[in-house]
Enquirer: 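Structure below; questions to follow.
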Amino acid sequence: MAGSKSGVEGGTPKPTATPTPEIAFRALDLPAEYSRGEAEAVDGTTAVGWVQIGINDELPAVWDTTTGALRVLEVPEEFVHANGETYVRLDGVSGTTAVGKGVLGTGSKRGQDRAMAWDTQTGDLRILDIPDGFASDYTQTEADSISGTTAVGEVWARHGEIGAAVAWDTDT
């Protein structure tokens with residue numbers, strides 16, 4: 001298709017000669033006390049994910065994509081392991097609600113994963129738990145994405161042998 005007006009030869013578009021002006025690279029803040037950070041989802045100018053301290057701790061993170069500013073959400077005590085480690089991540093965001101997962105703190109054993117919904121403005125946390133009628137079958141939850149007030153994720157049995165897709169209304 002040499003000489004094609006579309007700029008496509010052999011079905012592959014040619015790269016744009018110059019970057020799209022509206023889209024700019026912006027590094028999101030990662031202060032020195034954090035060894036790593038990852039943004040998992042974005043809605044408007046709010047990005048969510050996690051930051052890591054050292055090689056173990058993972059803390060829920062919220063960034064403003066216009067400024068790059070980072071805010072780390074405070075993790076409730078029950079999600080801090082006896083050895084002081086914390087594993088909490090945000091995986092989805094819609095408006096001011098972010099969803100994710102955290103591992104409950106226990107002695108020397110890995111705790112159970114719990115789905116969470118956070119208000120990114122106030123830092124208020126709500127556990128998206130398993131209804132009583134299903135609690136005997138499923139022991140762990142994880143929220144991966146959200147649209148409006150509907151979060152989706154997975155529930156599974158204690159050792160992960162039985163899993164099922166689920167949805168929660170984060171307002172109820």
Side-chain angles (χ1 to χ4, degrees), residues 28-65 69-160 163-172:
L28 301 176
D29 287 351
L30 188 64
E33 66 262 29
Y34 302 108
S35 57
R36 183 173 171 208
E38 189 169 317
E40 300 283 353
V42 64
D43 185 17
T45 61
T46 301
V48 299
W50 52 275
V51 292
Q52 188 171 1
I53 298 176
I55 59 170
N56 290 324
D57 290 331
E58 296 170 356
L59 303 172
V62 179
W63 287 273
D64 179 322
T65 61
L70 167 67
R71 191 167 133 241
V72 177
L73 299 177
E74 189 172 327
V75 176
E77 189 175 300
E78 65 264 28
F79 289 94
V80 179
H81 289 243
N83 63 4
E85 294 175 353
T86 304
Y87 306 98
V88 178
R89 292 182 171 198
L90 299 178
D91 296 312
V93 62
S94 181
T96 61
T97 303
V99 296
K101 59 189 162 287
V103 180
L104 286 170
T106 62
S108 60
K109 295 182 179 180
R110 178 179 171 89
Q112 295 179 333
D113 289 4
R114 286 288 186 251
M116 307 171 157
W118 299 76
D119 183 313
T120 59
Q121 291 180 332
T122 65
D124 291 340
L125 168 66
R126 184 156 180 260
I127 304 301
L128 302 176
D129 225 341
I130 306 164
D132 289 338
F134 296 94
S136 63
D137 296 327
Y138 300 108
T139 59
Q140 300 187 69
T141 58
E142 183 176 301
D144 298 315
S145 186
I146 184 170
S147 179
T149 62
T150 302
V152 295
E154 182 180 22
V155 294
W156 62 92
R158 182 174 316 280
H159 300 290
V166 294
W168 293 271
D169 182 328
T170 59
D171 280 349
T172 58

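Numbering of residues begins at 1 and proceeds along the displayed sequence. Because only heavy atoms are used, hydrogens play no part in the values below, and waters and symmetry mates are left out as well, while side chains stay in.
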Enquirer: Can you confirm whether Thr141 sits close enough to Trp168 that some side-chain heavy atom of one is under 4.5 Å from a side-chain heavy atom of the other?
Expert: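 A side-chain contact under 4.5 Å exists here.
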Enquirer: Can any side-chain N or O of Asp43 pair as donor or acceptor with the backbone N or O of Gly95 at less than 3.5 Å?
Expert: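 Present.
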Enquirer: Counting distance only, does the side-chain N/O of Glu142 pair as donor-acceptor with the main-chain N or O of Gly153 below 3.5 Å?
Expert: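 A pair under 3.5 Å: no.
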Enquirer: Under 4.5 Å between any side-chain heavy atoms of Leu128 and Val166, yes or no?
Expert: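 Heavy-atom side-chain distance check fails, nothing below 4.5 Å.
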Enquirer: Where the side chain of Ser94 meets the backbone of Gly148, is there a donor-acceptor pair that is under 3.5 Å apart?
Expert: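 Yes, the answer is positive, given that a donor and an acceptor are paired below the 3.5 Å cut-off.
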Enquirer: Would you confirm whether Thr149, through its side chain, and Thr170, through its main-chain N or O, come within 3.5 Å as a donor-acceptor pair?
Expert: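 Answer holds: no.
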Enquirer: Once rounded to the nearest 0.5 Å, what's the spacing between atom CZ of Arg71 and atom CG of Asp64?
Expert: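 Arg71 atom CZ to Asp64 atom CG measures 11.5 Å (nearest 0.5 Å).
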Enquirer: Would you compute the distance between atom CD1 of Ile146 and atom CG of Asp169 and round it to the nearest 0.5 angstrom?
Expert: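 Those atoms lie 9.0 Å apart.
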Enquirer: Which atom pair, heavy atoms only, marks the closest approach of Val48 to Trp63?
Expert: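 Looks like C-CZ3, 4.2 Å.
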Enquirer: Can you measure from CZ (Arg89) to CG (Leu59) and round to the nearest 0.5 angstrom?
Expert: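 One finds 11.0 Å between CZ of Arg89 and CG of Leu59.
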Enquirer: What distance separates Tyr138 OH from Asp129 CG, expressed to the nearest 0.5 Å?
Expert: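 Here the rounded value is 14.5 Å.
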Enquirer: Please tabulate, for the side chains in residues 49-57, all donor-acceptor contacts under 3.5 angstrom to protein atoms that are two or more places apart in sequence or on a different chain.
Expert:
from	atom 1	to	atom 2	distance (Å)
Trp50	NE1	Glu40	OE2	3.0
Gln52	NE2	Ile55	O	2.9
Asn56	ND2	Glu85	OE2	2.7
Asp57	OD1	Thr86	N	2.7

Enquirer: Where do Val75 and Trp118 come nearest, in terms of heavy atoms and distance?
Expert: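 Closest approach of Val75 to Trp118: CA-CH2, 4.3 Å.
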Enquirer: Main chain of Asp119, side chain of Arg126: is a donor-acceptor contact present, judged purely on distance under 3.5 Å?
Expert: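 Absent.
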Enquirer: When you compare the side chain of Thr46 with that of Val62, does any pair of heavy atoms fall below 4.5 Å?
Expert: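 Of all side-chain heavy-atom pairs linking Thr46 with Val62, at least one is under 4.5 Å.
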Enquirer: Given side chains that start at C-beta, do those of Phe79 and Leu104 come closer than 4.5 Å, heavy atoms only?
Expert: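 Yes; the side chains approach each other to less than 4.5 Å.
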Enquirer: Do you know the tightest heavy-atom contact between Ala115 and Ala143?
Expert: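 Smallest interatomic distance, heavy atoms only, reads CB-N, 3.6 Å.
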Enquirer: Once rounded to the nearest 0.5 Å, what's the spacing between atom NE2 of His81 and atom OH of Tyr87?
Expert: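 These two atoms lie 6.0 Å from each other.
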Enquirer: List the atom of Asp113, the atom of Gln140, and the distance in Å for their closest heavy-atom pair.
Expert: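 Heavy atoms only, the tightest pair is N-OE1, 2.9 Å.
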Enquirer: Should the heavy atoms of other residues, nucleotides or ligands under 6.0 Å from CD of Glu33 be counted, would the total exceed 12?
Expert: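 More than 12 within 6.0 Å, yes.
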Enquirer: Hey, what do you get for OG1 (Thr97) to CD (Gln121), rounding to the nearest 0.5 Å?
Expert: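 Thr97 atom OG1 to Gln121 atom CD measures 9.5 Å (nearest 0.5 Å).
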Enquirer: If every non-hydrogen atom of Ala47 is compared with every non-hydrogen atom of Leu28, which pair is closest and at what distance?
Expert: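 Heavy atoms only, the tightest pair is CB-CD1, 4.5 Å.
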Enquirer: What are the two closest non-hydrogen atoms of Pro76 and Leu125, and how far apart are they?
Expert: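 Where Pro76 meets Leu125 most closely, the heavy atoms are CG-CD2, 3.2 Å.
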